[in-house]
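Reading through the structure tokens given below for one structure.
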Amino acid sequence: MSCGKFLKGFSGYLSCDGFSNYNKLKDVIRCGYLAHIRRYWHDALPGKPKKSPDRTPAEIGFGYCNQLFELEKEYAGLDADTRKAKHLETEPAIWEAYWSWLETVDPAGGSRLAKAVTYAKNQKPYMENYLLDGRCSISNNIAENIARPYAVGRKNFLFHDTVKGARASSIIYSLVETAKLNNLNIYAYLETVLLYMPDYKNEPEAIEELMPWSDMIQQRGRIKSKS
């Protein structure tokens, strides 16, 4: 399924990687992904630190990213409005310095440093859009970590040779990961869903009661996670 079909009808901020097809989406403001930019700088780091006090371009680029991530850690627990105010107070100057410095880097073609510079420049139009709204993040690591179990496990899945199989697994994984975010015991929650789902056959609009965040589910003690 293309990202256009998957996100049809969605509008707002989209925190994503550098996949160019996201540019085709309408009514969407793309927010860049600093973790991927930092990864390219990391890959370009020298194998051993130089004895010279002068830092390499990769070390400088990596340092800018770490500086921004440290600020993000400080603001993690703030409400959206306060977080936006802190972003605008401290981070635009860092970005301005970063982009100005980036224009001075002249890497050898085909090198890891060249890939880091090219990727960073390509993401420049989107990278500061998270500053527009305090709900946005500088990187969407939470979503990537949620998707990681699926990405790791799919190599061993036997039913992904069909679209229906992939769709079925995506539904189950969505339920599981959403249940985790709502502090539920995964096994007990899925058992409850499968047990009660037939009761909603004639009133599908009430299926909302089986969602992980519903009052009915949250009030069932044995489903709540003890962790």
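Numbering starts at 1 and runs along the sequence shown.
Here the closest heavy-atom approach between residue A35 and residue S139 is recorded as N-OG, 2.6 Å.
In this structure a side-chain-to-backbone donor-acceptor pair under 3.5 Å is missing from R83 to S137. K84 contributes a side-chain N or O that, together with a main-chain N or O of L132, makes up a donor-acceptor pair within less than 3.5 Å. A donor-acceptor pair is defined here as one N or O able to donate and one able to accept, closer than 3.5 Å; such a pair exists between the side chain of S111 and the backbone of A108. Of the possible polar contacts, one joining the Q218 side chain to the P212 backbone as a donor-acceptor pair under 3.5 Å is found.
Scored by the ring pair (Phe, Tyr, Trp, His ring centres under 6.0 Å) test, F10 finds no partners at all (sequence neighbours excluded). In terms of the salt bridge (Lys or Arg N to Asp or Glu O under 4.0 Å) criterion, E89 has no residue partners (sequence neighbours excluded). Scored by the salt bridge (Lys or Arg N to Asp or Glu O under 4.0 Å) test, R135 finds D133 as partners (sequence neighbours excluded). Qualifying side chain to side chain donor-acceptor pair (under 3.5 Å) partners for D79, counting only residues two or more places apart in sequence or in other chains: T82. Residues satisfying the side chain to side chain contact (heavy atoms under 4.5 Å, CB included) criterion with S11, sequence neighbours excluded, are D27. Every residue meeting the salt bridge (Lys or Arg N to Asp or Glu O under 4.0 Å) condition with K180, not counting sequence neighbours, appears here in chain and number order: E177. Shown here are the side chain to side chain donor-acceptor pair (under 3.5 Å) partners of W101, two or more places apart in sequence or in another chain: there are none. With sequence neighbours left out, E208 forms a side chain to side chain donor-acceptor pair (under 3.5 Å) with W213. Taking K73 as the reference, E70 meet the salt bridge (Lys or Arg N to Asp or Glu O under 4.0 Å) condition, with sequence neighbours excluded. Y64 pairs by the side chain to side chain donor-acceptor pair (under 3.5 Å) definition with nothing, not counting sequence neighbours.
Following chains of ILVMFWY side-chain contacts shorter than 4.5 Å, one cannot reach F62 starting from Y33, and the two form parts of different hydrophobic clusters. There is no path of hydrophobic side-chain contacts, each under 4.5 Å, that joins I138 to Y13.
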Side-chain atoms of residues 197-204: list all donor-acceptor pairs with protein atoms under 3.5 Å, sequence neighbours left out, distances to 0.1 Å.
unit_1 : atom_1 : unit_2 : atom_2 : d
Y200   : OH     : E209   : OE1    : 2.7

Side-chain polar contacts of residues 120-130 - donor-acceptor pairs under 3.5 angstrom, sequence neighbours left out - could you list them?
unit_1 : atom_1 : unit_2 : atom_2 : d
N122   : ND2    : T118   : O      : 3.3
Y126   : OH     : N23    : OD1    : 2.9
Y126   : OH     : N23    : ND2    : 3.4
E128   : OE2    : W99    : NE1    : 2.9
N129   : ND2    : R30    : O      : 2.6
Y130   : OH     : E91    : OE1    : 2.3
Y130   : OH     : W95    : NE1    : 2.9

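Note that R38 lies in the cation-pi zone of F69, set by a 6.0 Å cut-off to the ring centre and a 45° limit from the axis.
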